[in-house]
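Quick caveat: nothing in here was measured; it's all calculated off a predicted structure.
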Amino acid sequence: MPTRLKRRVKQARAEQRGLLVGFLPAGYPTPAAFTAAAHAAFSAGLDVLEVSMPGPAPALDGPLIQAAASQISRGITTVAEALKLAAESRNSPDDTIVALAYASTFDTMTVEDFIDALHLADIDALLLPQHPVSEQLRIGLLAKSVGIEPFIFLHLEEDLSKLAATDIEEPVIYLQSSDLQTGGEFNSAKALERLDELAAAFGEKPYAVCVGFGVRGFSEAQTLMSAGADGVIIGTRLVAAVAIDIDSVVAIVDEVAPALVRRLAVDA
């Protein structure tokens, strides 16, 4: 049976649009505000929400996300707490949740235990941005065996051949737009180059790709959709918005959603 994430990809393609993926640290800025913001975002049209587990955010993430991760880690201290909040953030049964785990998550639990926890919490997918692609693929096969979709983080050109050769059917890929921290300046030329490299590596093999890092709004989303992306990921701007109010979160979804319609991308 297809996972929720794969069903979302299929649904979006049928509707001739891209996926809108958001990111929030579990429980940020407070557990109640996190849940309310997630509900509002899903109601407004968010397709997928990445939720990071407690622990320090790496240098890969910019200062805003690092500060947010530090703040919530003082209140949300266990993976079980974070996963419960993540699961409760759904508005409807089809709302899709991706659990993002930094390397520090595995200081206190094994990969197998983490996958079991995801399964028990009814989480749909996992994202391991600090793991090498070869490890992500190995762990992804374990996750697939219990119905959890791997969301493969790709940032090195040298990993393209490994990813294209995977036994994971039609992998869902998180493509880093360029070599920068989250929240950095979007480099459209580099992002399009990376999309072209990915397409060349896969050839006729099917895959789905969402692009993150530096993606803030309508303009970046429209550029990526025109280049063949299957979706966009907005992290830093969403984290900033949830610290303000729910209306600011909904405004981002309302702004970006029209750029994801493929008819608009083609006509532009």
Does [X] reach the side chain of [Y], with side-chain heavy atoms less than 4.5 Å apart?
X: Q176; Y: L60; answer: yes
X: D116; Y: V146; answer: no
X: L195; Y: L192; answer: yes
X: Q136; Y: P129; answer: no
X: Y102; Y: L128; answer: no
X: I168; Y: P150; answer: yes
X: L238; Y: F23; answer: no
X: L24; Y: V51; answer: no

Next on the checklist: Around atom NZ of K10, are there more than 12 heavy atoms from other residues, nucleotides or ligands closer than 6.0 Å?
Outcome noted: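 Count not over threshold, so no.
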
Item to check | K84 atom NZ, neighbour heavy-atom count above 12 within 6.0 Å | outcome: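 Incorrect, the count does not exceed 12.
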
Checklist entry - V239 and I244: same hydrophobic cluster, using ILVMFWY side-chain contacts below 4.5 Å? => result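 Result: no, two separate clusters.
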
Checklist entry - Do I148 and L120 belong together in a cluster built from hydrophobic side chains that touch within less than 4.5 Å? => result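 No, separate clusters.
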
[X]: ring-ring contact (aromatic ring centres under 6.0 Å, His included) partners, not counting sequence neighbours:
X: H131; answer: F106
X: Y28; answer: none
X: Y174; answer: F151, F153
X: H119; answer: none

Set of residues satisfying side chain to side chain donor-acceptor pair (under 3.5 Å) with respect to [X], sequence neighbours excluded:
X: Y207; answer: none
X: E157; answer: none
X: S92; answer: D95

Checklist entry - Do N91 and S43 have side-chain atoms, one donor and one acceptor, less than 3.5 Å apart? => result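 Result is yes, a qualifying pair exists.
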
Checklist entry - Is it true that the side chains of E81 and T77 contain a donor and an acceptor less than 3.5 Å apart? => result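 Their side chains do contain a donor-acceptor pair, which is all the 3.5 Å distance test asks for.
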
Can you tell me how far [atom2] of [Y] sits from [atom1] of [X], rounded to the nearest 0.5 angstrom?
X: F202; Y: L163; atom1: CZ; atom2: CG; answer: 4.0 Å
X: T166; Y: L141; atom1: OG1; atom2: CG; answer: 5.5 Å
X: Q11; Y: R4; atom1: CD; atom2: CZ; answer: 13.0 Å
X: D159; Y: L137; atom1: CG; atom2: CG; answer: 8.5 Å
X: I65; Y: S52; atom1: CD1; atom2: OG; answer: 8.0 Å
X: R138; Y: S134; atom1: CZ; atom2: OG; answer: 9.0 Å

Checklist entry - Between A99 and F114, which heavy-atom pair has the shortest distance, and what is it? => result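 So the minimum-distance heavy-atom pair works out to CB-CZ, 4.2 Å.
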
Item to check | Shortest non-hydrogen contact from A221 toward L260 | outcome: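 In this case the closest contact between A221 and L260 is CB-CD2, 4.1 Å.
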
Next on the checklist: Who clusters with L156? Use side-chain heavy atoms, under 4.5 angstrom, across I, L, V, M, F, W and Y, and order the result by chain and number.
Outcome noted: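 Joined to L156, directly or through intermediates: none.
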
Item to check | Transitive ILVMFWY cluster of I246, excluding itself - 4.5 Å side-chain cut-off | outcome: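 For the cluster that includes I246, the remaining residues are V250.
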
Any donor-acceptor pair under 3.5 Å from [X] side chain to [Y] backbone:
X: Q66; Y: D61; value: yes
X: K144; Y: E169; value: no
X: T96; Y: D94; value: yes
X: E220; Y: G217; value: yes
X: T223; Y: S219; value: yes
X: S145; Y: L142; value: yes
X: Q130; Y: A103; value: yes
X: N187; Y: K190; value: yes
X: T35; Y: S89; value: no

Checklist entry - Considering residues at least two apart in sequence or located in another chain, which fulfil the salt bridge (charged side-chain N to carboxylate O under 4.0 Å, His left out) criterion with D113? => result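 Per chain and number, D113 pairs via salt bridge (charged side-chain N to carboxylate O under 4.0 Å, His left out) with no residue.
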
Checklist entry - By salt bridge (charged side-chain N to carboxylate O under 4.0 Å, His left out), which residues pair with D230, not counting sequence neighbours? => result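 Counting only residues at least two positions away or on another chain, D230 forms a salt bridge (charged side-chain N to carboxylate O under 4.0 Å, His left out) with R13, R262.
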
Checklist entry - Taking NZ, NE, NH1 and NH2 as the nitrogens, is one of them in R17 or D47 under 4.0 Å from a carboxylate oxygen of the other? => result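 Salt bridge present between R17 and D47.
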
Next on the checklist: Please determine whether a side-chain nitrogen of the Lys or Arg among E197 and R194 lies less than 4.0 Å from a carboxylate oxygen of the Asp or Glu.
Outcome noted: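 R194 and E197: not salt-bridged.
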
Item to check | Residue that, paired with I234, satisfies side chain to side chain contact (heavy atoms under 4.5 Å, CB included) out of V215, V253, V21 | outcome: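 Among V215, V253, V21, the one that satisfies the side chain to side chain contact (heavy atoms under 4.5 Å, CB included) with I234 is V215.
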
Next on the checklist: Checking L126 against I139 for the side-chain contact (heavy atoms from CB on, under 4.5 Å) test, could you report, in this order, the C-alpha distance in whole Å, the side-chain angles of both residues, the deciding distance, and whether it holds?
Outcome noted: CA-CA 10 Å; L126 81 165; I139 294 167; 4.1 Å; yes

Item to check | Derivation and outcome, salt bridge (charged side-chain N to carboxylate O under 4.0 Å, His left out), residues D124 and R7 | outcome: CA-CA 11 Å; D124 310 303; R7 292 201 301 270; over 6 Å; no

Checklist entry - So which pairs with a foot in residues 234-244 pass side chain to side chain donor-acceptor pair (under 3.5 Å), sequence neighbours left out? => result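 Listed once each, the pairs are R237-E255.
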
